[in-house]
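Because only heavy atoms are used, hydrogens play no part in the values below, and waters and symmetry mates are left out as well, while side chains stay in.
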Amino acid sequence: MGQGSSCCNCCGDDGNKGGYYEPLLQENERDAVADLLQYLENRSETNFYEGDPLRALSTLAFSDNVDLQRSAALAFAEITEKDVRQVNRDTLEPIMFLLQSHDVEVQRAASAALGNLAVNTENKLLIVKLGGLEPLIRQMGSPNVEVQCNAVGCITNLATHDDNKAKIAKSDALRLLVDMARSKDLRVQRNATGALLNMTHSFENRQQLVNANAIPVLISLLNSSDADVQYYCTTALSNIAVDAPNRKRLANSDHKLVQYLIALMDTKSLKVQCQAALALRNLASDENYQLEIVRAKGLPPLLRLLKSSFLPLILSSVACIRNISIHPNNESPIIDAGFLHPLISLLAYDDNEEIQCHAISTLRNLAASSERNKKIIVDQGAVERIKQLLPTVTGNVQSEMTACLAVLALSDELKVRLLEMGVLDVLLPLTNSESIEVQGNAAAAIGNLSAKVSDYAAFNRAWDMPEGGLHGYLLRFLDSSQDVAFQHIGVWTIVQFLDGGDSNMLKKITKSQDLLKAVARIADSADAMEPADDADDDDANMHTLANKVINVVGYTRR
């Protein structure tokens, strides 16, 4: 959220000449008026934020004459409209003095000037430090819509700085902003909802916002005819939905929230579409929302956004469908709705790693609990695309892709087919990846493929290659310096080979003295340990497996 909408149409010098004021003015005020008129005639060459020009403006601002105050306020408004820079206390104090005027015109112009200066990061802090919040909060309650609008616009800009948000949230501004979001004046409504959005970027501020009863107001404004208001409210609700307690509050506030957000994915504004999908994504962190989005016919608009050529829309929709796909009951509906082909295409979206990760993670979720879905995913060409991309994608994407292959490899029906596709050729090198997650996932996929497979020909061919093959991978995982979990994977995989009964695999394992020595070391380490009541079950299981390998192959410890 950037600069708030301005409601003040500032003029230049106000048409009053020095002679008009002469009978009423003190000498220094007459001089200041004359000087200011001269400076305004050469405004393109004048810096009003220091020296004589600032002194002239300050003299008028601090005057008891309301006409001079108006002139100063209007001049400040016009100057700051065209020239925003970091200023100091000397510039801000006369403007903030003008904020406290009882004259509506002075209030209107001064708040516009302060709102303009509040675009600058350093100015945001200084305005609040100098006590600017209090007069702005008073002006928010003004009966004049223009004054309201400018005051809220300034608060909106101040609220973009993290150091100011807590102070605003703890002030009376929050309650007033919620009230003003209901304003019949669209400009006030825009500024108020924009300010509320700016208050949603920390957990503490979101809680204060929720406690100020902002949720019903934000939801009601999703149906606004104004795209900016829709955007601010949708984004604010999306941020509020990050927190689990708030998702429950949202569910209790309006049972049609999901329907409203789904409808917004078909609005004309691309940024509103995007934020609606992100809001649904955050809501879909809870399983009830995951089911509700599908029931409310949210899949067709999400699929349309997924096929878009606009990166933010693709990212928001694929992130949303990833969360929705977590629920087992949604796996088949998502597949049947036609998501597979676009998701597989997004695997190659190398301009954005996050999109790739969401796409492959969704495919893994869709394959999690159904043999039918695993087969459909393989039939649609997902494995060929993964195999093609695995060597070149980033480590994060590799981690997700190998995890997906590990899930697909659980299917007894697909194991031989996956092996014939050559997945070992890409998995084996990744067991030596720099990433621990990639190593573990690749090894898990190999282990799942090795369990109860009907044909071990592919494993026999891959014993020594590529890059050391199965033999090299198992030795690395069984190494005594390795993580216990990796040792466990290595021993368990050898047991799968032995249980498979393939004579060639048995011969290769039996001949590998270094492999058996490593297994024996793991078995011996268990034998040497004192039994303990709190012994880890996984460790005990690993040592049982190691002893099984030694006994099956008849290895004699030396």
Side-chain angles (χ1 to χ4, degrees), residues 1-2 4 118 121 124-125 127-129 133 136-137 140 152 154-181 191-222 229-254 257-258 260-261 264 271-272 274-290 292-293 312 315-316 319-320 322-324 326 354 357-358 361:
M1 176 64 197
T121 301
K124 296 179 205 289
L125 286 171
I127 289 168
V128 173
K129 183 179 178 182
L133 272 183
L136 287 169
I137 290 170
M140 287 169 68
V152 178
C154 187
I155 294 277
T156 303
N157 290 341
L158 295 177
T160 59
H161 199 295
D162 289 340
D163 290 354
N164 289 341
K165 288 174 184 175
K167 294 175 183 175
I168 294 171
K170 291 174 183 174
S171 73
D172 204 34
L174 207 54
R175 178 186 61 79
L176 290 169
L177 287 170
V178 173
D179 290 342
M180 296 178 77
N191 282 349
T193 51
L196 291 175
L197 166 58
N198 287 339
M199 299 303 297
T200 61
H201 296 111
S202 77
F203 175 77
E204 292 78 11
N205 292 345
R206 288 194 292 272
Q207 294 315 111
Q208 287 167 321
L209 202 61
V210 170
N211 293 337
N213 209 30
I215 285 178
V217 177
L218 293 169
I219 292 176
S220 70
L221 290 172
L222 292 177
V229 171
Q230 284 184 330
Y231 172 75
Y232 299 148
C233 293
T234 308
T235 310
L237 288 168
S238 178
N239 292 343
I240 289 169
V242 167
D243 310 312
N246 290 343
R247 291 195 288 273
K248 292 181 180 178
R249 297 280 289 268
L250 287 164
N252 295 330
S253 294
D254 193 324
L257 174 59
V258 166
Y260 297 150
L261 291 170
L264 288 176
K271 66 180 183 180
V272 173
C274 181
Q275 288 303 325
L278 287 175
L280 289 169
R281 185 274 299 269
N282 289 340
L283 290 174
S285 298
D286 291 350
E287 64 174 22
N288 290 337
Y289 278 116
Q290 292 162 8
E292 186 181 348
I293 292 167
L315 182 55
S316 61
C320 183
R322 176 183 183 172
N323 278 5
I324 294 171
I326 291 170
E354 197 175 352
C357 284
H358 285 317
S361 182

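- Taking CD1 from Ile240 and CD from Gln207, the interatomic distance works out to 9.0 Å, rounded to the nearest 0.5 Å.
- No donor-acceptor pair under 3.5 Å is formed between the side chain of Asn239 and the backbone N or O of His201.
- Taking all atoms of both residues into account, the shortest heavy-atom contact from Ser316 to Ala277 is OG-CB, 3.7 Å.
- Atom-to-atom distance recorded for Ile137:CD1 and Asp172:CG is 6.5 Å, nearest 0.5 angstrom.
- Within the 3.5 Å criterion, the main-chain N or O of Leu158 finds a donor-acceptor partner in the side chain of Asn164.
- Of the possible polar contacts, one joining the Ser171 side chain to the Ile168 backbone as a donor-acceptor pair under 3.5 Å is found.
- Note: Cys320 SG to Ile293 CD1 = 5.0 Å, rounded to the nearest 0.5 Å.
- The heavy-atom pair separating Thr200 from Arg206 by the smallest distance is O-NH1, 3.0 Å.
- Without hydrogens or angle criteria, Tyr289 side chain to Ala251 main chain gives a donor-acceptor distance under 3.5 Å.
- Residues Leu222 and Leu237 form a side-chain contact, since some pair of their non-hydrogen atoms from C-beta on lies under 4.5 Å apart.
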- Message: Walk me through whether Val210 and Asp243 qualify under side-chain contact (heavy atoms from CB on, under 4.5 Å).
- Response: CA-CA 11 Å; Val210 170; Asp243 310 312; over 6 Å; no
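- Ser361 approaches Arg322 most closely through the heavy-atom pair OG-NE, 2.8 Å.
- With values rounded to the nearest 0.5 angstrom, Phe203 atom CZ is found 7.0 Å from Asn246 atom CG.
- The distance from atom CG of Leu197 to atom OG of Ser238, rounded to the nearest 0.5 Å, is 10.0 Å.
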- Evaluation steps, side-chain contact (heavy atoms from CB on, under 4.5 Å), between Arg249 and Asn211: CA-CA 10 Å; Arg249 297 280 289 268; Asn211 293 337; 4.1 Å; yes
- Applying side-chain contact (heavy atoms from CB on, under 4.5 Å), run through Lys165 and Ser202 and close with a yes or a no. CA-CA 9 Å; Lys165 288 174 184 175; Ser202 77; 5.7 Å; no
- Steps toward side-chain contact (heavy atoms from CB on, under 4.5 Å) verdict (Leu261, Leu283): CA-CA 11 Å; Leu261 291 170; Leu283 290 174; 3.7 Å; yes
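- With contacts defined as side-chain heavy-atom distances shorter than 4.5 Å, the pair Asn323/Ser285 qualifies.
- For the pair Ile155/Leu133, a side-chain contact is recorded, criterion being any heavy-atom separation below 4.5 Å from C-beta on.
- Considering all non-hydrogen atoms of both residues, Thr193 and Cys233 come closest at CG2-SG, 3.7 Å.
- Panel note: side chain Asn282, backbone Val242; no donor-acceptor pair is recorded below 3.5 Å.
- Checked by atom type and distance alone, the side chain of Thr156 pairs as donor or acceptor with a backbone atom of Asn191 at under 3.5 Å.
- Closest heavy-atom contact between Asn205 and Ala166: OD1-CA, 3.8 Å.
- Considering all non-hydrogen atoms of both residues, Leu176 and Met140 come closest at CB-CE, 3.4 Å.
- The side-chain heavy atoms of Leu196 and Val217, taken from C-beta on, include no pair separated by under 4.5 Å.
- Leu221 contributes atom CG, which lies 13.0 Å from atom OH of Tyr232 (distance to the nearest 0.5 angstrom).
- Side-chain atoms of Thr160 and Asn198 include no donor-acceptor pair closer than 3.5 Å.
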